[in-house]
Amino acid sequence: MPEHKISFSYLSQEDLLKAGCFDIKMAMQVAEKTMLAYEQHRILFPEKIVQIFDQSSQDRINCLPATLLDEKICGVKWVSVFPRNPGLHDAQNLSAILVLSEIEKGFPVAVMEGTLASNMRVAAMGGVAAKHLSRDDSEVIGFIGAGEQAKMHLIAMKVVRPSLKECRVAAKTIDEEQQFIDELSPLFPDMDFVRANTHGRAAMLDADILVTATSVQAPLLKADWMKPGAFYSHIGGWEDEYEVAQQCDKIVCDDWDTVTHRTQTLSRMYKEGLISGADIHADLHELISNHKPGRESENERIYFNAVGLAYIDVAIGLAMYRRAIENGSGQSLDLQQSMIFEHADIMQQIKL
Ligand SMILES: NC(=O)c1ccc[n+]([C@@H]2O[C@H](COP(=O)([O-])OP(=O)(O)OC[C@H]3O[C@@H](n4cnc5c(N)ncnc54)[C@H](O)[C@@H]3O)[C@@H](O)[C@H]2O)c1
């Protein structure tokens, strides 16, 4: 009788951390390789499914599938975004789970915590963009927003630009700025951390790399604060005045077409007729494949906007799963021992 058992690996966040998966260099390498695969049409990437439960707060759960044809893996990220969580429940706003299936028999291979992969993906994309678009002598990085994405972004930026020696941070509250500094300063003893006491200008003025990662919808970043030669990574929704993008010499997106359908600053400008595809220098994969140049002069101001590409999450999740399995992390769970009618006592289990 054929064996019809189906098993998959279950990996918690702690299993992934123990296995050494919080590895931003790995995430950046995977992101680059997967963007090239996308350019070569080796990725299936259908539309995401969005269910919004509250229009004003945008509480939502999204279902984002993608297939990595070369890896023979189909995955889905099931991600909840509840922006009020930090204020209402002292809890994170984003939580995700990833399911990976092989595409020979179509059986699941992993069910895993997905917030780590998702947040690392955002930072990895920012890091890859910074590698191509920031000055390689960047010394000062400024943040508006001190939450999960901001923390992860600093790690990626410092890996890409080890020359960074000052980090300034502005958030909604001084306590959050201090928490950011308390958590990250031990990791980077060669950097000076500056609390901006909620003043965006103090964090951003004349920084070499600017990052906005906030949960607010308001033009917090002012064009005047961005000096020639600066690189700006925009992570949240509407966070900067339109003049920021208008004064930049290059605008690069993870995927411009996707940006036009969202609610980021660039999306708003597009919908208001203030910007079009002709103003976009490139999608990030075009820089990796050398089809378009990255930074070309010391004085260019460059704007990067990533809205999130789920096939990168699936690819980072796959790399984490493989590393975890190599390290003996996680647990194997049985989905079934045999097919339904093969169970010896199946006739007794049927309720009529
Ligand atoms: N681009 C992507 O791929 C992607 C992926 C995930 C999340 N995001 C977005 O990134 C943003 C940040 O997410 P997070 O998980 O870090 O959120 P978070 O709740 O952990 O942090 C939000 C930060 O915004 C700050 N903030 C709020 N109002 C502010 C104000 N008026 N002035 C200054 N700072 C203010 C808060 O102080 C906090 O530090 C969200 O908008 C989220 O939707 C983007």
Side-chain angles (χ1 to χ4, degrees), residues 27 31 48 50 52 57-62 64 77 79-96 114-129 142-156 168-184 195-204 210-222 225 232-241 252-256 258-259 261-267 284 303-313 316:
K48 69 176 177 180
V50 178
I52 300 177
S57 65
Q58 291 286 302
D59 290 352
R60 59 197 184 273
I61 296 185
N62 295 347
L64 300 103
K77 179 170 79 156
V79 58
S80 310
V81 182
F82 283 62
R84 293 174 302 178
N85 274 358
L88 287 182
H89 308 294
D90 191 21
Q92 66 202 56
N93 78 38
L94 184 147
S95 63
T115 311
L116 181 64
S118 189
N119 287 0
M120 283 175 64
R121 181 263 309 160
V122 184
M125 295 296 277
V128 171
F143 284 88
I144 301 182
E148 297 297 296
Q149 303 301 338
K151 289 173 193 166
M152 201 61 96
H153 237 65
L154 176 61
I155 296 170
R168 309 183 201 143
V169 56
K172 197 172 172 188
T173 65
I174 291 177
D175 285 352
E176 272 180 289
E177 295 171 359
Q178 193 56 48
Q179 189 181 350
F180 178 102
I181 293 171
D182 291 345
E183 286 175 15
L184 287 168
R195 216 179 55 200
N197 297 329
T198 75
H199 299 300
R201 185 175 189 276
M204 303 308 243
L210 297 82
V211 179
T212 53
T214 71
S215 47
V216 78
Q217 302 294 321
L220 298 176
L221 175 64
K222 310 295 176 202
W225 303 346
Y232 169 41
S233 180
H234 171 114
I235 301 173
W238 174 36
E239 303 177 298
D240 48 322
E241 57 182 18
V252 175
C253 299
D254 57 351
D255 186 87
W256 165 245
T258 309
V259 172
H261 297 105
R262 299 286 176 83
T263 53
Q264 270 75 13
T265 308
L266 294 182
S267 325
L284 187 54
Y303 188 119
F304 176 66
N305 181 201
V307 285
L309 301 170
Y311 59 83
I312 311 278
D313 296 78
I316 292 174

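Order of listing sets the numbers, starting from 1, for every ligand and every atom in it.
Within 6.0 Å of CZ on Arg201 lie no more than 12 heavy atoms contributed by other residues, nucleotides or ligands. The environment of Lys172 atom NZ is sparse: at most 12 non-hydrogen atoms of other residues, nucleotides or ligands sit within 6.0 angstrom. A 6.0 Å sphere centred on CG of Asp90 holds no more than 12 heavy atoms belonging to other residues, nucleotides or ligands.
Expressed to the nearest 0.5 Å, how far CG of Asn305 lies from OG1 of Thr265 amounts to 7.5 Å. For the atom pair CD of Gln178 and OG1 of Thr173, the computed distance is 10.5 Å after rounding to the nearest 0.5 Å.
For atom 28 (N) of ligand 1, the choice among Leu94, Val216, Thr198 with the nearest heavy atom turns out to be Val216. Taking all heavy atoms of Ser233, Gly308, Ala171 into account, the minimum distance to atom 33 (C) of ligand 1 is reached by Ala171.
A donor-acceptor distance shorter than 3.5 angstrom exists from the side chain of Ser267 to the backbone of Gln264, with no hydrogens or angles considered. Using modelled atom types, no side-chain atom of Glu241 and backbone atom of Lys222 make a donor-acceptor pair closer than 3.5 Å.
Inspection of the Gln92 and Asn85 side chains reveals no N or O donor paired with an N or O acceptor under 3.5 Å. Side-chain contact, Ser57 with Asp59: a donor N or O sits under 3.5 Å from an acceptor N or O.
Ligand 1 has no nitrogen or oxygen under 3.5 angstrom from a nitrogen or oxygen of Thr173. When only interatomic distances are considered, the shortest N/O to N/O separation between Ala146 and ligand 1 falls below 3.5 Å. Considering both main-chain and side-chain atoms, Gln264 never comes within under 3.5 Å of ligand 1 through any nitrogen or oxygen pair.
The shortest heavy-atom distance from Arg121 to ligand 1 is under 4.0 Å.
Only the side chain of Glu176 comes within 4.0 Å of ligand 1, counting heavy atoms alone; its backbone N, CA, C and O stay farther away. Using a 4.0 Å cut-off between heavy atoms, Ile235 contacts ligand 1 through both its backbone and its side chain. Of the heavy atoms in Val81, none comes closer than 4.0 Å to ligand 1. The backbone of Val307, and not its side chain, has at least one atom closer than 4.0 Å to an atom of ligand 1 (non-hydrogen atoms only; backbone = N, CA, C, O). If you look at Ala306 next to ligand 1, the close heavy atoms, those under 4.0 Å, all belong to the backbone. Residue contacts with ligand 1 for Val122 involve side-chain atoms from C-beta outward but no N, CA, C or O (heavy atoms, distance under 4.0 Å).
Ring geometry for Phe143 against Phe180 counts as tilted: the plane angle lies between 30° and 60°, on a 0 to 90° scale.
Atoms of ligand 1 found under 4.0 Å from any heavy atom of Glu148, numbered from 1 in the order shown, are 15 (O), 16 (O), 20 (O).
Protein heavy atom in closest approach to atom 41 (O) of ligand 1: Thr214 O, 2.7 Å.
By the definition of a contact as any protein heavy atom under 4.0 Å away, atom 13 (O) of ligand 1 is in contact.
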